[in-house]
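One-based numbering, in listed order, for ligands and for the atoms of each. Treat the numbers as computed from the prediction; the structure is a model and nothing was measured.
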Amino acid sequence: MANGAGSIVVLTGAGISKESGLSTFRDPDGIWARVRVEDVATPEAFARDPERVHEFYNMRRRRHREGGIQPNAAHLALARLETEWRGAFLLVTQNIDNLHERAGSRNLVHMHGEMLKARCARCDSVREWHEDLGLATACPACGRAGDMRPHVVWFGEMPLEMDRIGAALAACDLFVSIGTSGNVYPAAGFVREARGAGARTAELNLEPSLGASLFHQASYGPATRVVPEFVASLLAAGAVPAG
Ligand code: APR
């Protein structure tokens with residue numbers, strides 16, 4: 001434990017953004033209840049019908065632009081924890097929204113990419129992108145059209161910065177999982193990696209996730225209540241709880 005505080009890794013999923021007005025994936029009103037993964041979130045779908053995939057992300061980008069989407073108290077509490085915690089801190093999110101950044105989080109990894117960035121599949125340049133994307137969109141770097149895609153990790157593709165995440169999990173004293181159902185790997189396996197490293201593990205979620213039995217402690221309820229409460233108690237203790 002560096003300077004006695006201990007190092008923390010936090011993992012977030014769609015549940016932390018639900019109270020900001022963004023849909024989750026597997027809740028009854030979730031995204032996968034309305035559209036099929038195979039049609040919009042795989043490389044095969046993009047090869048088969050790129051405009052369908054572009055429209056899926058264009059619609060979600062528009063929701064961000066026009067929907068008054070703001071970070072909520074849970075995003076803000078994690079930014080506070082990062083600022084005030086005396087030990088190492090890394091926030092790993094599965095989310096492709098930008099609410100953690102807008103809440104002030106800095107030590108942040110988007111392991112599934114970022115919906116508000118676009119990548120050119122031809123020259124690999126990545127840049128902020130808040131507007132619609134389509135086959136006619138020309139890459140600002142190489143000038144070619146037809147190769148721009150959302151900078152998002154699709155099913156079957158490798159999540160980003162896995163080495164950095166693995167190193168942080170191997171060294172952490174506390175692993176906190178927030179707003180994720182534990183359905184999708186490798187994120188759903190992080191709790192096992194953290195336990196293997198001797199870390200204490202906590203789950204903050206609306207309801208028990210698939211991996212609930214792997215956590216030493218849990219607090220169930222809406223993220224805007226349980227996350228600020230957890231952060232306040234952790235900062236008051238000033239160190240990772242023993243055991
Ligand atoms: N507060 C806290 N948790 C909530 C809230 C809330 N207000 N509302 C919902 N949840 C919880 C749900 O109970 C569920 O356990 O958030 C979790 C959301 O789970 P999913 O919809 O499966 O989302 P997530 O776990 O982030 O999905 C992981 O799957 O489809 C892929 O790439 C996509 O990153 C995503 C990955």
Side-chain angles (χ1 to χ4, degrees), residues 9-46 53 56-57 59-61 63-64 69-78 91-100 103 108-117 149-162 165 175-192 201-215 217-231:
V9 175
V10 176
L11 170 70
T12 60
I16 200 170
S17 298
K18 180 79 179 293
E19 292 162 90
S20 293
L22 294 179
S23 297
T24 61
F25 292 93
R26 294 170 184 83
D27 285 329
D29 62 346
I31 291 173
W32 301 142
R34 301 193 295 267
V35 66
R36 288 174 1 113
V37 169
E38 298 76 11
D39 291 337
V40 294
T42 67
E44 295 76 15
F46 193 59
V53 174
F56 173 64
Y57 290 97
M59 183 185 60
R60 293 173 69 191
R61 257 185 237 100
R63 176 92 183 83
H64 261 268
I69 306 295
Q70 298 294 333
N72 64 49
H75 298 104
L76 294 167
L78 291 181
L91 173 54
V92 181
T93 187
Q94 300 173 89
N95 300 341
I96 59 176
D97 63 53
N98 65 352
L99 297 180
H100 283 306
L108 169 62
V109 172
H110 278 276
M111 64 181 289
H112 291 166
E114 300 174 67
M115 170 174 56
L116 299 175
K117 288 185 178 172
R149 61 167 279 180
H151 182 52
V152 168
V153 177
W154 288 323
F155 283 90
E157 295 184 321
M158 179 57 79
L160 307 178
E161 301 199 56
M162 287 304 293
I165 296 168
F175 173 73
V176 189
S177 178
I178 302 172
T180 183
S181 62
N183 267 287
V184 173
Y185 285 80
F190 289 171
V191 58
R192 277 193 185 80
T201 56
E203 174 168 78
L204 309 179
N205 206 51
L206 191 64
E207 60 199 8
S209 73
L210 289 179
S213 63
L214 295 168
F215 290 90
Q217 69 181 86
S219 179
Y220 296 118
T224 53
R225 175 170 63 76
V226 299
V227 178
E229 283 174 357
F230 182 86
V231 166

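Residue Asn95 has no nitrogen or oxygen atom sitting less than 3.5 Å from a nitrogen or oxygen atom of ligand 1, judged on distance alone. Any N or O atom pair closer than 3.5 Å counts here, and Pro222 shares no such pair with ligand 1. Between Gly13 and ligand 1, not a single N/O pair is under 3.5 Å apart.
Heavy-atom proximity to atom 16 (O) of ligand 1, evaluated over Gly15, Ala14, Ser177, is greatest for Gly15. Considering Gly113, Gly179, Ser17 only, the shortest heavy-atom separation from atom 18 (C) of ligand 1 involves Gly179. The closest non-hydrogen atom to atom 14 (C) of ligand 1, taken over Leu206, Thr24, Asp29, Asn205, comes from Asn205. By heavy-atom distance, the residue among Arg26, Gln94, Glu19 lying nearest atom 27 (O) of ligand 1 is Arg26.
Ranking protein heavy atoms by distance to atom 34 (O) of ligand 1, first place goes to His112 ND1, 2.9 Å. In terms of protein heavy-atom proximity, atom 30 (O) of ligand 1 is closest to Trp32 NE1, 2.8 Å. Counting protein heavy atoms only, atom 24 (P) of ligand 1 is closest to Thr180 OG1, 3.8 Å. The closest protein non-hydrogen atom to atom 35 (C) of ligand 1 is Phe25 CE1, 3.6 Å. With hydrogens left out, the protein atom closest to atom 12 (C) of ligand 1 is Asp27 OD1, 3.7 Å, a heavy atom. Scanning the protein for heavy atoms near atom 1 (N) of ligand 1, the closest one is Ala223 N, 2.9 Å.
Looking only at side-chain heavy atoms (C-beta outward), Leu206 and Pro222 come within less than 4.5 Å of each other. For the pair Pro159 and Pro186, the minimum side-chain heavy-atom distance is below 4.5 Å. You'll find the side chain of Asn98 stays beyond 4.5 Å of the side chain of Glu114, heavy atoms only.
Residues Ser219 and Glu229 have side chains that never bring a donor and an acceptor to within less than 3.5 angstrom of each other.
Of all the atoms in ligand 1, the ones that sit under 4.0 Å from a non-hydrogen atom of Glu207 are 13 (O). Taking every heavy atom of Lys18 and a limit of under 4.0 angstrom, the matching atoms of ligand 1 come to 8 (N). Counting atoms of ligand 1 from 1 in the listed order, those under 4.0 Å from a heavy atom of Phe155 are 30 (O), 31 (C).
In this structure, Glu161 contributes its side chain and Val109 its backbone to no donor-acceptor pair below 3.5 Å. Side-chain N or O atoms of Asn205 include none that pairs as donor or acceptor with a backbone N or O of Ile178 at under 3.5 Å.
Ring geometry, Trp32 versus Phe56: the interplanar angle falls under 30°, so the pair is classed parallel (tilted spans 30 to 60°). Between Phe215 and Phe175, the ring planes lie parallel to each other; the angle is under 30°, not in the 30° to 60° tilted range.
Ligand 1 does not have Gly30 within reach: every non-hydrogen atom of the residue lies 4.0 Å or more from it.
Taking NE2 of His151 as the reference point, atom CG of Leu160 lies at 5.5 Å (rounded to 0.5 Å).
No more than 12 heavy atoms of other residues, nucleotides or ligands sit less than 6.0 Å from atom CZ of Arg192.
Salt bridge Asp29/Lys18: present, at least one basic N to carboxylate O contact under 4.0 Å.
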